[in-house]
Protein chains: 2
Amino acid sequence: MPRPPIDPTSLPGRPCSIASALEIVGDRWSLLAIREVMFGNHRFGEIARNTGAPRDRLSARLKGLVQAGVLERRPSEHDPRYEGYHLTEAGRDLAPVLRTLLAWGDRWAVTSPPMRMLHHDHPLAPATICTTCGELADPADLTRETRIPHWTDAGHEPPAA
Amino acid sequence: MPRPPIDPTSLPGRPCSIASALEIVGDRWSLLAIREVMFGNHRFGEIARNTGAPRDRLSARLKGLVQAGVLERRPSEHDPRYEGYHLTEAGRDLAPVLRTLLAWGDRWAVTSPPMRMLHHDHPLAPATICTTCGELADPADLTRETRIPHWTDAGHEPPAA
DNA sequence: GCTGACGGTTTGCTTATCAAACCACGACCG
DNA sequence: CGGTCGTGGTTTGATAAGCAAACCGTCAGC
């Protein structure tokens with residue numbers, strides 16, 4: 001990973017991997033660019049057209065994502081004279097994020113789902129399980145444990161005098 | 001839902017629920033604000049402190065999220081003189097998005113996870129299954145089906161003349 | 001060496017973002 | 001009743017980012 005990992009305490013607000021993750025992919029175009037690469041579109045022009053992003057913004061974001069180790073440039077097998085954008089392992093690992101966003105958008109953001117995910121040959125109905133116990137991850141069974149001193153769910157609490 | 005759902009074809013680029021979802025929660029502060037509300041922080045000041053967002057931005061985003069039907073204002077039970085921000089069902093349904101982002105950030109974005117999700121009393125190891133067949137959703141078994149004419153994985157293809 | 005496609009970069013303008021100051025309201029204090 | 005504190009924002013003025021469109025360099029084909 002070219003980009004060093006972020007120290008979560010260096011960001012403003014609560015130290016949290018969500019904030020750190022958003023530091024990398026949390027802007028207007030990054031996730032859409034990653035979606036396109038995941039769909040098999042590896043070239044600048046394709047990504048620009050299919051996301052609708054301005055070319056200069058896209059150029060900057062792709063640079064950032066390469067820097068962050070989410071994308072890498074690599075000559076395409078079929079056409080070795082072009083260096084396309086490809087997913088690294090970190091990039092491929094964003095698939096669940098895009099899937100949950102897609103599922104949420106399908107349910108809450110759009111008039112009618114413009115795309116469907118198929119698992120084998122039936123529509124995917126995704127749910128999260130906990131692989132250590134195999135059970136469905138019911139929000140009611142989840143708790144958080146903050147590992148940074150003086151931080152709780154409620155916020156930052158400096159040591160009482 | 002106060003806000004009408006988005007027609008995905010009205011957005012630039014590929015019609016896709018991911019883009020529509022990002023239209024609602026895809027900016028720098030929304031998801032962090034939602035995280036705070038999910039953590040039980042319902043007041044403007046708490047959210048501002050714990051996210052690090054500038055107050056004017058936060059004010060604008062919270063308005064937008066209320067408009068979008070992700071948050072709602074409701075007097076707190078304990079202290080009925082304050083109208084706090086609370087999650088709607090759409091907001092609660094963003095939990096999986098935050099969980100996947102957290103998991104990705106833990107793995108790829110930070111030096112060391114500042115927070116841990118506990119399922120019952122063991123660390124949560126999330127994975128996606130398909131509830132229709134019960135199997136783990138292996139990316140290799142997933143395909144996409146676009147339901148908008150002239151759009152494929154590769155992009156927009158106007159009807160051949 | 002001309003033309004066109006590709007992959008960006010530069011330009012000039014518009015818009016968003018930010019930190020800090022400001023304001024309104026209610027509670028509480030005397 | 002005036003003063004001041006906590007809360008929840010809004011306003012302000014400077015800075016940075018975003019955008020569409022034009023431009024540039026490279027390579028391929030002719």
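In the text below, chain A, chain B and the rest are named by the order of the sequence lines, each starting its count at 1.
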I want to check one thing: is the phosphate of [N], taken as OP1 and OP2, less than 4.0 Å away from some side-chain N or O of [X]?
X	N	result
B:Lys63	D:dT10	yes
B:Ser59	D:dG9	no
A:Trp29	D:dC19	yes

When the distance from [atom1] of [X] to [atom2] of [N] is rounded to whole Å, what number comes out?
X	N	atom1	atom2	answer
A:Arg55	D:dA20	CZ	C1'	11 Å
B:Tyr85	D:dG8	OH	P	9 Å
B:His42	D:dT7	NE2	P	16 Å
B:Asp27	C:dT15	CG	C1'	15 Å
A:Ile47	C:dC6	CD1	C1'	13 Å
A:Leu62	C:dG8	CG	P	8 Å
A:Arg49	D:dA20	CZ	P	16 Å
B:Asp56	D:dT10	CG	C1'	9 Å

| query | So, are A:Glu36 and A:Arg49 salt-bridged, with charged N and O less than 4.0 Å apart? | reply |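 Looking at A:Glu36 and A:Arg49, the cut-off is not met.
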| request: Spell out yes or no: do the side chain of A:Arg57 and the base of D:dG18 have one donor N/O and one acceptor N/O closer than 3.5 Å? | output: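 No, no donor-acceptor pair under 3.5 Å.
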| message | Once hydrogens and angles are ignored, does a donor-acceptor distance under 3.5 Å link the base of D:dG18 to the side chain of A:Arg28? | response |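 Check fails, no donor-acceptor contact within cut-off.
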Side-chain H-bond candidate by donor/acceptor type, [X] with [Y], under 3.5 Å:
X	Y	answer
B:Ser30	B:Asp27	yes
A:Trp104	B:Asp93	no
A:Thr111	B:Asp7	no

| Test: B:Arg43 cationic atom under 6.0 Å from B:Tyr85 six-membered ring centre, within 45° of axis |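 Pair B:Arg43/B:Tyr85 does not count as cation-pi.
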| From the list D:dT10, C:dC18, C:dG7, which nucleotide is the closest neighbour of the side chain of A:Arg43? |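 The closest nucleotide is C:dG7.
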| Selected nucleotide, minimal atom distance to B:Pro54 side chain, candidates D:dG9, C:dT11, C:dC18 |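 The answer is C:dC18.
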| request: Identify whether any heavy atom of A:Arg73 sits under 4.0 Å from a base atom; if not, whether one sits that close to sugar-phosphate; answer base, sugar-phosphate or nothing. | output: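 Since only primed, P, OP1 and OP2 atoms lie under 4.0 Å of A:Arg73, the category is sugar-phosphate.
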